[in-house]
Asker: 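Structure incoming, see below.
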Amino acid sequence: MQYGIDTSALSYHNEKPLSDVSIIAGPSSTGLASNIAKDLKSNLVEVDLRIFSDGESKIKMPKTSKNCVLVQSTYPPVDRHLMQALMIAKKCVDYGAKEICAVIPYLAYARQDRAFLDGEVVTIDLVAKLLREAGVTTMVTVDIHSTMALSYFNQIKAHNISSIPLLASYVKTNVKLNKPFVVSPDEGGAKRAAEFAKLLNADMIALKKFRDRNTGQVRVEEKIDVDVSGRDTVIIDDMISSGGSIVKAAELLKKNRADKVYAVCAHALMLDDASSKITSAGVNEIISTNSIPNEFATVDLSPAVSSFIKTLF
Ligand code: R5P
């Protein structure tokens with residue numbers, strides 16, 4: 001199990017092809033899988049997908065080698081994407097694979113890592129068991145919500161890759177920041193924000209966020225001890241889901257006369273009207289990795305994932 005920042009993974013230069021590894025492009029991550037296969041000079045396996053009218057997936061894929069890497073992010077529709085990952089793993093087993101590494105950049109259910117209220121299910125525990133049962137030997141994810149979630153993968157190898165170096169490098173190169181200031185929308189993200197701020201040579205704070213466990217509504221402490229007026233601020237989070245956390249943080253920064261506000265994250269789920277709510281709160285740009293391929297996915301994860309895969313095989 002690994003949880004940390006790998007600053008060496010900003011680019012990938014492969015001298016020796018990983019020719020005995022099949023990179024399988026799961027239906028949710030075809031672009032990322034193709035980039036990884038190019039980096040590693042490995043065989044890219046395309047999956048033929050059919051969705052039946054009742055919602056079931058049916059996949060068909062050509063023969064794979066003994067070492068398989070399946071790339072399938074489990075963003076919405078989460079259950080469908082998760083099921084497809086399990087189906088691909090099963091097919092690799094049928095083809096005689098010995099090592100099956102599941103690259104799941106956005107790992108669905110990672111937030112259900114404990115029973116917050118009586119009667120709740122720790123679903124990430126079930127996800128870990130399902131992956132193992134399907135034949136997965138290693139699970140690789142990106143910026144998992146908590147180390148607690150990773151601890152349920154105790155019967156297979158599990159690794160967390162940080163996207164912070166890639167995100168910071170992108171922001172440094174592409175965004176002109178004046179007197180940059182980094183903000184974590186909550187205290188849980190303080191370590192992440194500190195790493196990001198260090199790479200940008202900026203100072204940072206972590207806000208105090210409170211979430212109503214029943215309604216999901218968030219509020220942040222209405223006071224910051226730093227003068228952000230006229231400064232460009234970057235809010236960094238592991239994911240943007242409903243957008244509520246970013247909206248509250250952006251509103252607070254704007255109220256304190258911050259100049260530009262950027263929202264940077266690993267996983268831009270952008271559910272419902274998150275994007276318009278965030279823009280209305282004064283955010284100038286949303287930047288995310290391609291763990292979820294959408295209009296905000298400007299940072300390619302393949303250098304970090306490829307370097308990690310190289311260490312596995
Ligand atoms: C929560 O602790 C996470 O780090 C994110 O801040 C949260 O999941 C974002 O969700 P939303 O966009 O719905 O506020």
Side-chain angles (χ1 to χ4, degrees), residues 3-5 73-78 104-117 120 122-124 127 141-151 160-164 167-168 182-197 204-222 224 233-254 261-289 291-292 294-297 299:
Y3 191 78
I5 307 275
S73 206
T74 51
Y75 57 85
V78 293
I104 309 180
Y106 173 72
L107 181 63
Y109 295 107
R111 284 179 287 182
Q112 295 186 26
D113 60 357
R114 63 203 89 182
F116 294 99
L117 300 174
E120 287 182 353
V122 182
T123 313
I124 194 63
V127 169
T141 189
V142 174
D143 289 311
I144 195 162
H145 182 65
S146 71
T147 42
M148 176 87 171
L150 212 55
S151 70
N160 180 68
I161 292 175
S162 170
S163 68
I164 292 292
L167 289 168
V182 172
V183 177
S184 167
D186 53 49
E187 289 176 311
K191 188 170 166 246
R192 179 185 310 118
E195 294 285 352
F196 184 77
M204 57 81 62
I205 51 162
L207 303 176
K208 279 200 173 68
K209 182 174 90 177
F210 309 92
R211 189 186 287 273
D212 184 315
R213 291 269 166 226
N214 290 305
T215 64
Q217 292 294 315
V218 293
R219 66 182 176 85
V220 292
E221 195 180 49
E222 282 298 299
I224 44 177
T233 54
V234 184
I235 309 168
I236 175 109
D237 209 348
D238 57 341
M239 70 181 82
I240 304 177
S241 191
S242 69
S245 306
I246 297 289
V247 165
K248 290 292 170 201
E251 284 172 350
L252 185 62
L253 292 169
K254 281 294 180 189
V261 180
Y262 296 89
V264 175
C265 68
H267 313 293
L269 285 161
M270 311 305 288
L271 304 180
D272 305 323
D273 54 350
S275 163
S276 57
K277 282 195 301 193
I278 289 172
T279 308
S280 308
V283 172
N284 296 73
E285 192 180 343
I286 301 165
I287 295 163
S288 118
T289 75
S291 75
I292 300 170
N294 58 24
E295 61 183 295
F296 310 103
V299 179

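In what follows, every heavy atom counts, from backbone to side chain, and hydrogens, waters and symmetry copies are set aside. Indexing begins at 1, ligand by ligand and atom by atom, following the structure's order.
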Asker: Sort out the contact shell of ligand 1: every protein residue with a heavy-atom distance below 4.0 Å, listed by chain and number.
Answerer: Arg111, His145, Asp186, Lys209, Arg211, Asp237, Asp238, Met239, Ile240, Ser241, Ser242, Gly243, Gly244, Ser245
Asker: Backbone N or O of Ala266 within a donor-acceptor pair of the Thr289 side chain at under 3.5 Å?
Answerer: yes
Asker: What residues form a side-chain contact (heavy atoms from CB on, under 4.5 Å) with Ser184, not counting sequence neighbours?
Answerer: Asp186, Ala193, Ala206
Asker: Under 4.5 Å between any side-chain heavy atoms of Ser146 and Arg114, yes or no?
Answerer: yes
Asker: For Val218, which residues count as a side-chain contact (heavy atoms from CB on, under 4.5 Å) partner, sequence neighbours excluded?
Answerer: Lys209, Arg211, Ser245, Lys248
Asker: Taking C-beta and beyond as the side chain, do Pro76 and Leu271 meet within less than 4.5 Å on heavy atoms?
Answerer: yes
Asker: Checking Ala194 now: which residues fulfil side-chain contact (heavy atoms from CB on, under 4.5 Å) with it, not counting sequence neighbours?
Answerer: Met204
